[in-house]
Amino acid sequence: MIDESKYTYRVSAAGRVNLIGEHVDYCGGKVMPAALSLRNTIYVRPNGTDKINLAWTDIPARITLEIGRLGEYTHVKYANYPAGCAYLWQQAGHEIVGCDMLYDCTVPFGSGLSSSAAIEVSTIAALATLAGETLDPVQIALVAQKAECEYAGVNCGIMDQYAAACGKKDNAILLDCKTLVREYVPILLGDYTLVIANCNKPHSLVESKYNERRAETERALELLQTKADVTCLAELTPDAFGRIAYVLDGEGKVKDRARHVVEECDRVRRAAGAMKRGDVGTLGELLNASHASLRDLYEVTGAELDALAAAAQAHPACAGSRMTGAGFGGCTVSVVQKEGVADFKRTVAAKYTAKIGYEPSFYDCTVEDGIIVTKL
Ligand code: GLA
């Protein structure tokens, strides 16, 4: 039990599920994530020193960071994320107040639901709150993304940190990753609801494969720019891409990677329209098509996510299902008829376990705000 009376603020940021728009944020595309009730919460109080004392509810480690030496902790297990964020926030010109921080994370690690973004964004939000700043969630997201790239070495896009910071209860965020213009789209699914399932594949090589995909899209852009006046892959319509895709012939998988990005951007546009109309059938078909493209063209799914999505898609109560996040393991998101959810979970778990040899997990969660600050 956490004794809240000992702390000054409770500051949390959300894990996220991405409904559609996968592997397009770093290509200037639109994405549609939603912030979850699975979150990282920090209990924080000023301690009058020039140190930050870190503690965790589920890890016995206790680590002290010196505010004057924040750049030196990037290799310290557990502390690297908080330290990296505090350091980059400080570098961005913000005051860091000495404090005690207790971390309590309910986003499962390695689930593809962005526990790292939740930790990063809540760390910066807690520090800014203690320093008496008015929070600017977009700015916090940008610094958190920088921290992820600089100390985790993952050349990630802005989607996760943006969702962790700027999410809105019961809404998806339709975010243009090129301009950072966003629109909130109410998640109106009628008799249907979202179900998130983890394939529970042990983590492997996500970072290196992620950076490799990103490099392939950069190569594609470079070649396509010899034929089209575009600044990013997302600016190409599927038709325009079709006319010039021949420049990618002989480049191995690069053409498939680019095709995924271009077509996924088009699916996001159609999915946003379907969601606004409450057209669950179309939304579901787009989710299925997104998964197929991530499997066949972008090749970031793997046997486990494919088995989980296939089992979900085959269930009569399911309108559509796809992997969410970077892939190579982690979670699927499915749109499922509310009254069929219990049978869906049972049937999908049984089929998946029979094929893969271990069980998936299901998370009961809701769509919530990004950053939440409570004075205690
Ligand atoms: C990870 C990255 C995001 C995004 C997704 C794939 O979650 O952090 O920026 O690229 O993968 O859509």
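Counting convention: from 1, in listed order, for ligands and their atoms alike.
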field: Nearest non-hydrogen protein atom, atom 6 (C) of ligand 1
entry: E22 OE2, 3.3 Å
- prompt: Considering only heavy atoms of M159, which atoms of ligand 1 have at least one such atom less than 4.0 Å away?
  reply: 4 (C), 5 (C), 12 (O)
message: The criterion is side-chain hydrogen bond (donor to acceptor under 3.5 Å, both in side chains); which residues satisfy it with E216, sequence neighbours excluded?
response: R257
- line: Under 4.0 Å from one or more heavy atoms of R16, ligand 1 contributes atoms 7 (O)
task: With sequence neighbours excluded, tell me which residues meet salt bridge (Lys or Arg N to Asp or Glu O under 4.0 Å) with D136.
output: none
message: Quick check on contacts: which atoms of ligand 1 are under 4.0 angstrom from a heavy atom of Y26?
response: 10 (O)
query: Has the side chain of K338 got a donor or acceptor atom that lies under 3.5 Å from a matching backbone atom of G190?
result: yes
- prompt: At a 4.0 Å threshold, what atoms of ligand 1 neighbour a non-hydrogen atom of Y210?
  reply: 1 (C), 2 (C), 3 (C), 4 (C), 9 (O), 10 (O), 11 (O)
S293/R267 under side chain to side chain donor-acceptor pair (under 3.5 Å): CA gap, chis, key distance, verdict: CA-CA 11 Å; S293 178; R267 278 188 287 271; 3.3 Å; yes
- request: Provide the number and element of each atom of ligand 1 under 4.0 Å from a heavy atom of D25.
  value: 3 (C), 4 (C), 9 (O), 10 (O)
field: N18 versus E22, side-chain donor and acceptor atoms under 3.5 Å
entry: yes
- prompt: Which heavy atom of the protein is the closest neighbour of atom 1 (C) of ligand 1, given with residue, atom name and distance?
  reply: D160 OD2, 3.6 Å
task: For G157, counting its heavy atoms only, list the atoms of ligand 1 lying under 4.0 Å from any of them.
output: 9 (O)
- prompt: Do Q90 side-chain atoms and I67 backbone N/O form a donor-acceptor pair below 3.5 Å?
  reply: yes
